[in-house]
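The structure appears below as structure tokens.
Heavy-atom basis, side chains included; hydrogens, waters and symmetry copies ignored.
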Amino acid sequence: MRIPGVLSEVWRNVSSGTTRAVIFALVTAVVVVVFTVADVVTIHHIEADVHQFQASAADVRTISAPGQVDGVACDQLSAVPSVQAAGAVRQAPSITAAEAPGVSMTAYEVSDGMAGVVGATTTGQTGAWVESALANVLAVGPGDTLSTADGPLQVASVFDWPNDGRDPRFGFAILLPVQAAQSFDECWIRAWPIADDNDTLLRSTLIVSTDSSPFLVSQVNRNLGVNLDAHQQYEQRLTRHGMWVAPLALFLIGFIATWSRRLEHAANLHAGLDRGSFSLGVALESLVWVVAGNLLALMVDVAAIRILGMASIGPVMATCGTIAWLSLAASLLGTLVAAFFIRDKPESTAGLRRERHGAGAMGRRLP
């Protein structure tokens, strides 16, 4: 049978319902959706854990060595690929608001790089960074001026420092940006992913001197653990097995879709249909419903990703697409394996007559 004849017969079988394309497409979609959406949800949980880890400042490491931290060297750590922000800090004299002369507010002098560590957005303004809870009490915001006992203090930014287990010193505090070209007491870095050499980077900011004063390397928030290995969680997630379980299921579906029509196919072979045309025809028939099912599944995946509000859309869709492509290939393989085991048997013609009247049969019209 020539190619046009095969395509014509495939179209008749699909349009007449002989291939049960709609049913198998829905089954394919359900199988692929089960495994891909399960993987999407798992990856979303890993992503949420990372977000919580970073939002709680658990990714911030510090080194404390009073008077021995080079501010410039500390700020320059932000150039390291794994370091998102780095800044130096030291204690400053307390500040007293003019409206409350009996109340002293904790203050720290910091290098400019500390803005990225604490999340202070200055938008080009110069002045102090006030913690949000304190800013609410003082009723000030970016651009406002705070009257103090030492004179007016311009507010450049307001930053959040919640009481969630992190170092409490910046809570209800005022940070005063100063030039980095001087010594500080501490260097803070916000680094992700967590790397073993982060502490080495921190130690590189110490000023070399004959003073053998000890230094302390610590973590700003230990409530969520010392480290979060998101890559390991991703590599060891249970739903990763869907990469081979889904194709195995589609292999069986493809096999069943062809084997369930073995009497019809055997009769076609008995009527003179060559095996090449037969194999091409059943493969194309299966391709119709498996492509439709996978496309439907991928649309559900896109909807799930958008509903969950995931940030890593590209990598997640790549994972879902891989499962879909492997499932498509596996279903076609299952179809061809079933076709291989179907043989031309004379008695198949009698069995075919007992099937539903009007069902399409490949090879009904031989050229």
Side-chain angles (χ1 to χ4, degrees), residues 51-64 66 69 71 74-75 77-78 83-180 182-192 202 216-224:
H51 177 74
Q52 183 181 8
F53 193 83
Q54 295 174 327
S56 63
D59 61 336
V60 178
R61 301 282 292 176
T62 71
I63 187 169
S64 177
V69 173
C74 180
D75 274 15
L77 291 182
S78 60
V83 178
Q84 286 74 55
V89 58
R90 67 187 176 195
Q91 185 77 45
S94 59
I95 297 175
T96 302
E99 294 82 357
V103 180
S104 297
M105 295 173 290
T106 304
Y108 295 92
E109 292 180 340
V110 298
S111 63
D112 290 337
M114 186 60 73
V117 178
V118 300
T121 304
T122 60
T123 62
Q125 299 187 50
T126 58
W129 311 336
V130 184
E131 195 274 328
S132 57
L134 178 59
N136 289 334
V137 173
L138 298 175
V140 295
D144 293 338
T145 301
L146 176 64
S147 299
T148 71
D150 299 321
L153 180 65
Q154 188 74 17
V155 178
S157 177
V158 172
F159 67 95
D160 294 324
W161 201 255
N163 183 18
D164 56 2
R166 68 183 69 192
D167 188 327
R169 289 179 295 167
F170 285 175
F172 243 65
I174 297 177
L175 305 185
L176 306 171
V178 297
Q179 292 294 324
Q182 48 192 308
S183 61
F184 289 81
D185 297 336
E186 300 177 31
C187 179
W188 293 31
I189 63 171
R190 183 179 288 274
W192 186 263
L202 285 170
L216 176 65
V217 177
S218 60
Q219 182 182 8
V220 168
N221 192 341
R222 293 178 175 269
N223 277 6
L224 299 178

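- Across Ala88 and Gly71, no two heavy atoms sit closer than the pair CB-CA, 4.1 Å.
- Using a 4.5 Å heavy-atom threshold, the side chains of Ile174 and Leu134 count as touching.
- When all heavy atoms of Ser132 and Val158 are compared, the pair lying nearest together is CA-CG1, 3.4 Å.
- A distance of 5.0 Å separates CG of Leu77 from SG of Cys187, quoted to the nearest 0.5 Å.
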Q. Do Val60 and Gln219 pass the side-chain contact (heavy atoms from CB on, under 4.5 Å) test, and can you show the C-alpha distance, the side-chain angles, and the key distance before you say yes or no?
A. CA-CA 6 Å; Val60 178; Gln219 182 182 8; over 6 Å; no
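- Gln154 pairs with exactly one of Thr145, Asp144, Thr126 by the side-chain hydrogen bond (donor to acceptor under 3.5 Å, both in side chains) rule, that one being Thr145.
- Residues Asp75 and Ala180 share a closest heavy-atom pair of OD2-CB, 3.8 Å.
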Q: Starting from the C-alpha separation in whole Å, work towards a yes-or-no answer on salt bridge (Lys or Arg N to Asp or Glu O under 4.0 Å) for Glu131 and Arg169.
A: CA-CA 11 Å; Glu131 195 274 328; Arg169 289 179 295 167; over 6 Å; no
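- Taking the six-membered ring for Trp, Phe53 and Trp192 have ring centres closer than 6.0 Å.
- You'll find the side chain of Gln91 reaches within 4.5 Å of the side chain of Thr106, heavy atoms only.
- Remark: the Ser157 side chain and the Thr121 side chain contain no N/O donor-acceptor pair separated by less than 3.5 Å.
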Q | side-chain contact (heavy atoms from CB on, under 4.5 Å) between Leu175 and Val118, worked out | A | CA-CA 10 Å; Leu175 305 185; Val118 300; 4.2 Å; yes
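- Heavy-atom minimum distance, Ala86 versus Cys74: CB-O, 3.2 Å.
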Q: Test side-chain contact (heavy atoms from CB on, under 4.5 Å) on Met114 and Tyr108 and set out the steps.
A: CA-CA 11 Å; Met114 186 60 73; Tyr108 295 92; over 6 Å; no
Q.
Show, in sequence, the C-alpha distance, side-chain angles and deciding distance for Asp167 and Asn221, and conclude whether the side-chain contact (heavy atoms from CB on, under 4.5 Å) test is met.
A. CA-CA 6 Å; Asp167 188 327; Asn221 192 341; over 6 Å; no
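- Contact check for Glu109 versus Val89: no side-chain heavy atoms found under the 4.5 Å cut-off.
- The closest side-chain heavy-atom distance from Ser64 to Asp185 is not below 4.5 Å.
- Between the side chains of Arg190 and Gln54, not a single donor N or O lies within less than 3.5 Å of an accepting N or O.
- Side-chain polar atoms of Ser56 and Asp164 form no donor-acceptor pair below 3.5 angstrom.
- Closest approach of Ala85 to Gly113, counting heavy atoms only: CB-O, 4.3 Å.
- Contact of the Leu146 side chain with the Met105 side chain is registered, since non-hydrogen atoms from C-beta on lie closer than 4.5 Å.
- Between Trp188 and Phe170, the two ring planes are parallel [angle under 30°; tilted spans 30° to 60°].
- Rounded to the nearest 0.5 angstrom, Leu216 CG and Ile63 CD1 are separated by 8.5 Å.
- Between Leu202 and Ile189 the shortest side-chain heavy-atom distance falls below 4.5 Å.
- Nearest heavy atom pair, residue Pro177 against residue Ala128, reads CD-CA, 4.2 Å.
- Side-chain contact between Trp129 and Leu176 is absent, with no heavy atoms from C-beta onward closer than 4.5 Å.
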